[in-house]
Protein chains: 2
Amino acid sequence: MRKGAETRERLLSIAETAVLAKGFGATSIEELIVEAEITKSGFFYHFKDKTELARALIVRYLEADEVLLDDLFKRARELNDDPLHSLLIGLKLLAEMMADLPEGHPGCLVATICYQERLFDKDIHELTRGGALAWRARFVRVLEEISEIYPPNDDVDLVEVADLISTIVEGGIIMSKALREPEKLAAQVILLRSYIKLLFSPRPS
Amino acid sequence: MRKGAETRERLLSIAETAVLAKGFGATSIEELIVEAEITKSGFFYHFKDKTELARALIVRYLEADEVLLDDLFKRARELNDDPLHSLLIGLKLLAEMMADLPEGHPGCLVATICYQERLFDKDIHELTRGGALAWRARFVRVLEEISEIYPPNDDVDLVEVADLISTIVEGGIIMSKALREPEKLAAQVILLRSYIKLLFSPRPS
DNA sequence: ACAAAACTGTACTGGCGGTACAGTACTCGC
DNA sequence: GCGAGTACTGTACCGCCAGTACAGTTTTGT
């Protein structure tokens, strides 16, 4: 009974790649089953329709994403206990991870879904919104911790700063793809790091 | 002979909205001709296939975008001749323009195309790349002018800073959509303004 | 060995992209 | 006001794909 989960996983993995490369509407079930080497009936055994595939895709994506970021920022925290330096290290690690993708970042499922809103129901939009809010919550927590120690050098809303991290990752992915410069994403994350540094570093006076 | 251009324009406008809402692959020619109230033959009179529609869409989009930004930053320059203050005013105007979209930003065609790369040929990818490079060139020019007067407070590559503007607009659009907070985009542009300010403002010492 | 799980095979519907081509209405320049 | 494009309409067709239905078969855990 574990074989089913394996096939399902393989299908999801193939589907994710295809959706990120061509969009959801342009991804045919046909091509998925050819690559996964199963029949159409096999596909519909796992997912009752394309909508259920979409839901499974985004759930899987968000879960993997959370595990990844949890791990990364936990490692950063272990390297330095100061919240500011730990965040700066975390962003460095994030940039390094992005730079280690030679083909460039494959893309973010949340972005794909946002750019094809009409194809998905309210349910799925709530999932993507939850993902964005989870990112926000993660960073707002550290930013508050930081601002207690290092008063910010400009009057900014910490929620906006937290969202800026997601904004730059999402925007960086697009710019990487548009410019055909895979390194762009990492470079933009490093620039974000520069902003956080400027914003919280005590000014020499 | 002007009537043809009018129909073509209407088709492009309808197509742009549809593509931004559902993706290119999921946008059917059928729905376009129903909304434009012409026949399928009429459509293929204007565009020989869907690919040519895509090309026309992106060309039209980039042209309109350039005119818009040219106008906006020209106005900003008229309000203040100092390059730094003019850029800060320009970003303020940009944020205000974004905030004036009650339904939120409809989306960027360049982003849609990047997230459906496999659907388009090299030709179209060169067009989107050109668009991104045009944005870069526009801002690198002012940033160099600025840095001659105001030495930056951190060791950053001005090309990266120029690209950061596009990155934040693109990312802001996605975050606006994902979070269902139309104001998010403007807020993120204002935060970018805060970074530019911190980066170039002379430090009190 | 048995039951449930994990599929396969076959057959069908309806929608869409795209092609082909003949015919028609409108409109601009002369 | 007439001829020559321009800007379409109408009809008919092909092949691909999402999705449905359902009966049959193999694989797997216990």
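Sequence lines set the chain letters: A, B, ... in the order given, protein chains first and strands last, and positions in each chain run from 1. None of the values given here were measured: they were computed from a predicted structure.
Atom CZ of A:F43 and atom P of D:dA21 are 16 Å apart (whole Å). For the pair A:I33 CD1 and C:dC7 C1', the computed distance is 13 Å after rounding to whole Å. One can place CG of A:L32 at 12 Å from C1' of D:dA18, the figure rounded to the nearest angstrom. Rounded to whole Å, the distance from CZ on B:F47 to C1' on D:dC8 is 14 Å.
Residues passing the salt bridge (charged side-chain N to carboxylate O under 4.0 Å, His left out) test with B:D157, sequence neighbours excluded: none. For A:R118, there are no salt bridge (charged side-chain N to carboxylate O under 4.0 Å, His left out) partners, not counting sequence neighbours.
In this model, the phosphate group of D:dC8 is approached by a side-chain N or O of B:H46 to a distance below 4.0 Å at OP1 or OP2. For C:dA6, one of the phosphate oxygens OP1 or OP2 lies less than 4.0 angstrom from a side-chain nitrogen or oxygen of A:Y45.
No more than 12 heavy atoms of other residues, nucleotides or ligands lie within 6.0 Å of CD in A:E37, so this atom counts as exposed by the packing criterion.
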Name the atoms and distances for all side-chain donor-acceptor pairs under 3.5 Å in residues 12-22 of chain B, with sequence neighbours left out.
unit_1	atom_1	unit_2	atom_2	d
B:E16	OE1	B:R60	NH2	3.1
B:T17	OG1	B:S13	O	3.1
B:K22	NZ	B:E31	OE1	3.2
B:K22	NZ	B:E31	OE2	2.8

Please list, one pair per line, the donor and acceptor atoms closer than 3.5 Å that link side chains of residues 136-145 of chain B to other protein atoms, with sequence neighbours excluded.
unit_1	atom_1	unit_2	atom_2	d
B:R136	NE	B:D163	OD1	3.1
B:R136	NE	B:D163	OD2	3.1
B:R136	NH2	A:E181	OE1	3.3
B:R136	NH2	A:E181	OE2	3.3
B:R136	NH2	B:D163	OD2	2.8
B:R138	NH2	B:D70	OD1	2.2
B:E145	OE2	B:R77	NH2	2.8

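A:F120 and A:H125 have perpendicular rings, their planes meeting at more than 60° on a 0 to 90° scale where under 30° would count as parallel.
Here A:H46 contributes atom NE2 and A:R10 contributes atom CZ; the two are 8.5 Å apart, rounded to the nearest 0.5 Å.
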Which parts of nucleotides 9-20 of chain C does protein reach within less than 4.0 Å, heavy atoms only, written one letter per nucleotide 5' to 3' as B for base, S for sugar-phosphate only and - for none? BB-----SBBB-
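Looking at residues 10-19 of chain A, you'll see that no heavy atom sits under 4.0 Å from any atom of DNA chain C.
Aromatic pair B:Y115/A:Y115: centroids not less than 6.0 angstrom apart.
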